[in-house]
Amino acid sequence: MYEHSSTHPVDSTTATQQTAATGGPAERRRSPFRGTTVRRVLPAVAAAGLGVTAFAGLAHGTPAGTSAASTKLTRDTATAATAVSARTTGAASGRRAAAAADFPTWGTRWVVHATADTGSPAVGMINKTAAGQDRITADYQVDTDRKVCEGSACSTFMAHLTGPVTGFLSVVAVDVPQDRLPGVPVQGGGQPQPGDSRQEMLNRAATWLTADNGSQVPYSQAKVWKDGFRQDCSGYASMALGLPTPGTNTVGLATNRSITRPIALGELKPGDLLIDAAGDNNNRHVVIFERWNNEAHSSYTAYEQRGGHGTDHRTLTYGLPGGDAEFKFYRPVMFGD
């Protein structure tokens with residue numbers, strides 16, 4: 001089936017972008033519990049000169065199976081893109097928009113760790129003297145497979161902070177309703193190596209499915225998302241590959257041999273690209289292959305950023321017999337095979 005003009009997103013070929021608008025600070029009412037709960041940290045932190053006197057859980061969160069603080073904590077609704085309607089917690093709580101990878105926090109005395117391990121040394125602390133006094137910025141997050149809880153809030157994710165302290169912080173400390181940071185790439189443990197595994201690439205692709213306050217990133221040739229990448233198909237693929245912002249265009253993804261090399265249809269593996277680089281920016285397209293849907297290889301599931309919808313994860317036939325023959329197959333060279 002020829003799916004070009006009706007379902008294809010278009011691809012920007014210019015470098016001119018418009019930075020996505022972000023909301024300014026808004027008045028916020030905090031839970032009275034958060035203003036009074038005292039946070040405690042590892043004795044090792046006190047030994048490091050951070051002035052902490054006690055400890056009540058790893059990374060200022062209680063590992064699953066350990067009793068949490070007696071006061072039940074409820075988390076306000078947050079978003080990394082726009083101010084949103086308040087969540088009811090006995091009374092509506094106000095929100096403030098989080099710009100780019102900038103997020104509010106809650107509580108006091110949260111430990112920032114050297115690595116994505118709550119047992120690693122402390123390198124600093126946020127909210128030292130007042131609940132929620134610090135906002136954090138993060139460039140990626142790690143699923144540690146170790147659940148940390150504080151009250152009713154739990155997460156296995158640790159965010160890599162770029163400010164106000166550099167290090168790793170449990171996402172439990174971040175004032176968002178999700179168990180992970182919306183719109184922030186998920187990486188493997190330790191310092192990220194963009195594109196060094198197929199699964200990491202697919203993990204990054206999946207982040208845009210819910211990055212817009214739980215919804216997909218909208219499609220645009222004229223705008224860039226909070227992470228700095230264009231909101232068209234090639235900007236999305238560039239983000240998943242870990243390429244520099246704002247991302248290369250579709251032609252570049254197909255022809256730049258420092259980025260991809262051609263492969264045969266039968267060689268497709270998760271993370272490979274199917275690209276139609278012909279024509280103009282109104283009909284070029286790139287999708288990210290995830291898996292075959294059947295043994296006959298008559299369709300596959302892929303990630304894509306498409307016009308009229310935004311980020312999608314769906315069944316496609318681009319490039320297959322009977323599908324859109326203009327799509328060719330490419331392997332990102334960073335995979336090393």
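Values below: all heavy atoms of this structure, side chains included; hydrogens, waters and symmetry mates excluded.
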Under a 3.5 Å cutoff, is there a donor and acceptor pairing between the side chains of [X] and [Y]?
| X | Y | result |
| --- | --- | --- |
| His313 | Gln216 | no |
| Thr156 | Asp143 | yes |
| Ser258 | Asn256 | yes |

Counting C-beta onward and ignoring hydrogens, is there a side-chain heavy-atom pair between [X] and [Y] closer than 4.5 Å?
| X | Y | value |
| --- | --- | --- |
| Val184 | Thr207 | no |
| Gln231 | Tyr236 | no |
| Glu267 | Asp272 | no |
| Ile275 | Thr250 | yes |
| Lys226 | Val217 | no |
| Met201 | Phe335 | yes |
| Trp110 | Val172 | yes |
| Phe229 | Ser238 | yes |

For the [atom1] atom of [X] and the [atom2] atom of [Y], what is their distance to the nearest 0.5 Å?
| X | Y | atom1 | atom2 | result |
| --- | --- | --- | --- | --- |
| Arg204 | Gln199 | CZ | CD | 10.5 Å |
| Arg306 | Asp312 | CZ | CG | 4.5 Å |
| Ile288 | Met239 | CD1 | CE | 7.0 Å |
| Ile126 | Trp106 | CD1 | CH2 | 10.5 Å |
| Leu202 | Arg291 | CG | CZ | 10.0 Å |
| Cys154 | Asp179 | SG | CG | 9.5 Å |

Q: From the options Leu273, Ile263, Leu268, select the one residue that forms a side chain to side chain contact (heavy atoms under 4.5 Å, CB included) with Arg331.
A: Ile263
Backbone N or O of [Y] within a donor-acceptor pair of the [X] side chain at under 3.5 Å?
| X | Y | value |
| --- | --- | --- |
| Thr311 | Leu209 | no |
| Arg146 | Phe157 | no |
| Gln141 | His160 | no |
| His113 | Ala122 | no |
| Arg198 | Pro270 | yes |
| Ser220 | Lys223 | yes |
| Thr105 | Arg135 | no |
| Gln305 | Pro218 | yes |

Q. Under a 4.5 Å side-chain heavy-atom rule over Ile, Leu, Val, Met, Phe, Trp and Tyr, are Leu253 and Val333 clustered together?
A. no
Heavy-atom closest pair, residues [X] and [Y]:
| X | Y | answer |
| --- | --- | --- |
| Thr129 | Gln133 | N-OE1, 2.8 Å |
| Ser299 | Thr317 | CB-CG2, 4.1 Å |
| Ala159 | Val171 | N-CG2, 4.0 Å |
| Asn249 | Arg230 | CA-NH2, 3.7 Å |
| Val224 | Pro246 | CG1-CB, 4.4 Å |
| Leu241 | Met334 | O-CE, 3.2 Å |

Q: Evaluate the criterion side-chain contact (heavy atoms from CB on, under 4.5 Å) for residue pair Asn283 and His285; output intermediate values, then yes/no.
A: CA-CA 6 Å; Asn283 51 36; His285 192 37; over 6 Å; no
Q.
Apply salt bridge (charged side-chain N to carboxylate O under 4.0 Å, His left out) to residues Asp134 and Lys128 and explain how you reach the verdict.
A. CA-CA 9 Å; Asp134 294 323; Lys128 291 183 181 180; over 6 Å; no
Q. According to the interplanar angle, ranging from 0 to 90°, do the rings of Tyr318 and Phe327 count as parallel (below 30°), tilted (30 to 60°) or perpendicular (above 60°)?
A. parallel
Q.
Angle between ring planes, Phe168 versus Tyr140, binned at 30° and 60°: parallel, tilted or perpendicular?
A. perpendicular
Q.
Using the rule given for side-chain contact (heavy atoms from CB on, under 4.5 Å), can you reason through Val123 versus Thr166, listing the C-alpha separation, both sets of side-chain angles and the distance that settles it, and then say yes or no?
A. CA-CA 8 Å; Val123 294; Thr166 300; over 6 Å; no
Q) Do Asp276 and Arg284 sit within salt-bridge range, that is, some charged N less than 4.0 Å from a carboxylate O? A) no
Q.
Does Asp227 form a side-chain hydrogen bond (donor to acceptor under 3.5 Å, both in side chains) with Trp208? I'd like the steps, not just the answer.
A. CA-CA 10 Å; Asp227 54 15; Trp208 274 28; 3.0 Å; yes
Q.
Is the distance from the ring center of Phe289 to that of Tyr300 below 6.0 Å?
A. yes
